Visitor: 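Pasting a structure below so you can have a look.
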Amino acid sequence: MTVPLPNHPLKEAQKRKEDGRPVGRHVLIDDVVLQLRWHAENDILMWFFILAALFLGAVNYLAKGLSSHDQANSTLKTLCWACIGIAAFIIVRFVLDFIRRSQLLAHLPGPKPRNWITGYMEIAYCKQPHRMCTALAEQYGPIFKFRILCFHVVCITDPVLATYILRSKDFDKIRFIYSFLDPFLGGANLLTGHTNAHWRAVRKGIVPAFSAGNVRQAFGHMVRSCTALGDFMAARGPSAALDMDELLLRAAMDVIGHFGFQRNMHAIGSLWQPDSEDNRNVRALLDSTLEVVQRAQIYARWWRLWRTDVRAGWVAFGRYKGLVRRLLAHMKGLPPQGGSFADLLLRTKDPKTGRLLKDVQLRPEIAALFFAGIDTTGHTGTFCLYTVSQHPKAEAKIVAELQRLGLMPTAEQPQPRDLEYADMSELPYLQAVIKETLRMYPPVGIGQAKVCAARDTRLGGLLLPAGTLIATPHHTIHNVSFNWDTPQEFLPERWLRSGTEYAIGEKLLLPKQWYQDIHLNTDSMDPLEGNSRRAKRYFPFAEGARSCVGQSLAMTSLLATLALLLSRFSFRLADQMGGPEGVLDSERYALVTGPEGGMHMHAIPRQPHREPMQQ
Ligand code: HEM
C-alpha cells in the first residue's frame, strides 16, 4: 500500500542490505541522490560546500600573494570550483524537487501565500496557529496545503486519514522540527526522538510506571497536595483574584515530582512562605518550565543575545538543566523500588550497547517527562475551571455528582469524607467535562504528526511527494463543523454516550477513491468492528505508538484536582481577564496552548467549607 519510509536514505540502503535485498549500483546512486537532497533540505551539506568553496577561494587568494607556486594555486582553484559545482548541483536538484513537489500538490486546495518567498509563514509565527488552521479547514475542507519557505505542509483533518496517519508505522515524527527542542531538553528523548530502537527501549522500559497500580499508589499524594492547595485558596479569600493557571501548574509539578522521582517539590506547600528558599526554587523551576515551553520558538532568534527576553530564555534553560541534574542525582540515591518511574528508567538498557543508559541519555528523558507533563496537565485543569465557570448548568451537575458521593459539605455533614481512588470511576459527568474541555482546548493544539515522507508516499488516493510535512492538527480535528455537530458549544453531555471519540455516520467526507486501501470505517454503530478498525475524531493525547505515555496519570490527577477544588469552591472569572473574549485573546500556542499571563479567578467557598489545614 504505502511505500515504507525510512527517515534517512542511507538507513534505507543499510536496511536493504540487512534484509538481503539487492543493493545494485543504481540503487546506491539513487540513495546518494536522495541523501544529497535530504541534506539540502536540511541545509547542512549545501552550506558545507558553499563555505568550503569560500574558504578555499580565500586561501587561494592569499596563497597567490604569498607564494609563487602556481601549481598549488591551481589545485586550490580546482578544489574551489569542485565545491561550487557540488553546491550548485545540490541547489539545482533541490529547486527541481521543489517544483516537482509543488506540481504534485497543485490539485490540493489551500491559501495563497502572501509572500512568494516565505509562503504562509504567518501560521508558524502567529499566537494561535491552531485556530488559524481550524479557520483554514472550514474554508478549504478536510485536506488542504500551504507552504512555509520551501516546506510544503499538507493538513489532514479527515478522521479516517488522520487516524491512519497517526497509527501507521510508515509516518514518523519529523526530527527536523522536534530537534529544535533537543538543546533545551539536553538531547533527543522519548518525546523528540525518532521511532527507532532507542525510543522503543525507553518507552517499553518506562511504560509499566504508568500502570493503574502505580497511579493508584500516587493518589494519596495527589489528594494531599490538592487539599493543601484548597486550604491556601480558602485562606486568600474570595476577593483575591488567584492565578489558577499558576496554581494548577504547581499542583501538576508536585504530582509529577512525587510520581516520577519520589521527590517533594514543595510547589504547593511553599505558597505559604512566599519569601522562602523553597518558593524561590519552585518559582525558578516554574519559570524555567514555562520558559522552555513559551520560549521554545526562541530557536528562531537564539543568537540575538542583545535582547533581554532571549537572554532570559537562556538563563531559564540553564536553570532547567540544573534541576534535571539534581533530579538525576536524587533518583540515583533512592532505594530501588521496582516499578517506579525512576527505578525503571535507571534499569533501561541502551539497545546499541546493551548497557544501562548513561547520564547524558537519562537527563533528556527526565527533562522530557517534566516538560511533557506539567504544562499539558496544568493548562487543561485551568481551562476546565474556566469552562465550568462559564456554564452554571454543568457546574450544578458536577455538584450533584459530588453530593451523591458524599464529597460535598452539607449542613448535616459539614466535613465531607475524603476523596478515594474508587471515586474516580463514579464521576462520569466530571470526566465528560474534562473530555469536552480537551476537545475544545487540546493543549497540543497543532498536533503531533508533523511527519515527513522521505520518498513519495501513497496515502489512500493521495500521492504525497517526498519531503512533504503532514500535519494532523488536534484542535482543528476536534473543532471543525464537518467532524462535529455544534463544535463551538461546550456540551459535556455528548461524552455520556459511548463512542463519541469515533467518527460517526456512513458518510465519508471525501470521494471514495481517497480512502483506497485504508481499512478504517466511520460506522460507529457496528459493534463487531473492533475499535482499532474505527476512525477517530478525537486525539487530545495523540494516537498510536507515539501517543502520550502519561495519559492515565494526567486523567486521574485532573479528576482528583477538579473534584477536590469544585467540592470546595465555585469559580468566577476575574474582571481583569476581560470576559470570555479576553480569555480567547489570551490563548497562546507555544507547543502547548495556555492562557498568556495566567487565568485569574475568584474562588468562592461553598458553604460550609473546611477549616484551613495548619502548615
Ligand atoms: C492533559 C494532559 C496531557 C496531554 C493533553 C498530553 C498530550 C500529549 C500528546 C498530544 C503527545 C504527543 C506529542 C507529540 O508527539 O508531539 C504527548 C506525548 C507525551 N506525553 Fe503527554 N499529555 C499530557 C500529560 C502528560 C503527563 C502527565 C506526562 C508524564 C508525566 C506526559 C508524558 C508524555 C511523554 C513522555 C510523551 C512522549 C511520548 C512518546 O513520544 O513516546 N504527558 N502527550
Side-chain angles (χ1 to χ4, degrees), residues 130 162 165-166 171-175 177-181 185 188-196 198-207 209-210 214-215 218 222 248-249 251-261 265 289 293 296 327 340-342 344-345 364-384 431 434-435 437-451 471-475 477-478 536 538-562 589 591-594:
H130 53 297
I165 289 169
L166 287 171
F171 301 95
D172 200 357
K173 283 187 177 184
I174 174 162
R175 272 290 289 156
I177 288 172
Y178 282 91
S179 63
F180 285 118
L181 277 176
L185 299 178
N189 53 67
L190 195 64
L191 176 69
T192 67
H194 272 314
T195 312
N196 56 16
H198 184 84
W199 170 84
R200 258 185 289 280
V202 176
R203 174 105 187 189
K204 208 169 147 202
I206 63 154
V207 153
F210 295 89
N214 278 6
V215 174
M222 284 178 207
L248 291 178
L249 288 170
M253 191 187 293
D254 264 351
V255 167
I256 295 176
H258 176 81
F259 180 85
F261 312 98
M265 308 296 290
T289 318
V293 175
L327 273 178
S340 74
F341 173 83
L344 290 172
L345 189 60
E365 303 301 347
I366 298 169
L369 192 80
F370 259 79
F371 177 77
I374 294 179
D375 288 75
T376 45
T377 317
H379 294 325
T380 304
T382 305
F383 281 116
C384 283
Q431 268 192 39
I434 298 173
K435 285 183 179 171
T437 307
L438 278 168
R439 180 186 71 76
M440 295 180 82
Y441 304 92
V444 188
I446 208 71
Q448 164 198 47
K450 298 220 171 85
V451 281
T472 48
H474 300 160
H475 181 274
I477 297 172
H478 294 182
K536 285 180 82 175
Y538 183 67
F539 305 103
F541 296 101
E543 177 71 11
R546 300 306 295 263
S547 61
C548 177
V549 76
Q551 53 183 295
S552 57
L553 176 68
M555 280 308 276
T556 309
S557 117
L558 280 168
L559 259 176
T561 308
L562 293 170
Y589 176 83
L591 301 180
V592 177
T593 311

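Since this is a predicted model, take the numbers as computed values, not measurements. One-based numbering, in listed order, for ligands and for the atoms of each.
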Visitor: Are the ring centres of F261 and F341 closer than 6.0 Å?
Guide: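 F261 vs F341: aromatic centres under 6.0 Å.
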
Visitor: Is there a heavy atom of P443 sitting under 4.0 angstrom from any atom of ligand 1?
Guide: yes

Visitor: Restricting to pairs with a member in residues 552-561, which pass side chain to side chain donor-acceptor pair (under 3.5 Å), not counting sequence neighbours?
Guide: none

Visitor: Return the set of residues passing side-chain contact (heavy atoms from CB on, under 4.5 Å) with I256 (not counting sequence neighbours), or none when no residue passes.
Guide: L369, F370, I374

Visitor: Got P540 and H478 here, is their nearest side-chain heavy-atom distance under 4.5 Å?
Guide: yes

Visitor: K173 versus ligand 1: do any nitrogen or oxygen atoms come within less than 3.5 Å of each other?
Guide: yes

Visitor: If we set the cut-off at 4.0 Å for heavy atoms, which region of P540 has an atom near ligand 1: side chain, backbone, both, or neither?
Guide: backbone

Visitor: Ring-plane angle category for F383 and Y441, please: parallel below 30°, perpendicular beyond 60°, tilted otherwise.
Guide: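 F383 and Y441: parallel rings.
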
Visitor: Does L190, backbone or side chain, put an N or O under 3.5 Å from an N or O of ligand 1?
Guide: yes

Visitor: Where does M555 meet ligand 1, judged by heavy-atom distances below 4.0 Å: at the side chain, the backbone, both, or neither?
Guide: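 Neither; no heavy atom under 4.0 Å.
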
Visitor: Is the closest side-chain heavy-atom distance between D172 and R546 below 4.5 Å?
Guide: yes

Visitor: Any nitrogen or oxygen of Y178, side chain or backbone, less than 3.5 Å from one on ligand 1?
Guide: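 Yes; the residue has a nitrogen or oxygen that sits under 3.5 Å from a nitrogen or oxygen of the ligand.
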
Visitor: Side-chain contact test, heavy atoms from C-beta onward, threshold under 4.5 Å: evaluate it for F171 versus L166 and give yes or no.
Guide: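 F171 does not reach L166 side chain to side chain.
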
Visitor: If the contact criterion is a heavy-atom separation under 4.0 Å, does F259 count as touching ligand 1?
Guide: no

Visitor: Looking at ligand 1, does any of its N/O atoms fall within less than 3.5 Å of an N/O of H474?
Guide: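 It does not: no N or O of H474 is found under 3.5 Å from an N or O of ligand 1.
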
Visitor: Relative to ligand 1, is L191 under 4.0 angstrom through side chain, backbone, both or neither, heavy atoms considered?
Guide: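 Near ligand 1, L191 shows its backbone as well as its side chain.
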
Visitor: From atom 3 (C) of ligand 1, work out which of L558, V255, V549, T376 has a heavy atom at the shortest distance.
Guide: T376

Visitor: Contact between ligand 1 and S547 is defined here as a heavy atom of the residue under 4.0 Å from a ligand atom; is it met?
Guide: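 True for this residue.
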
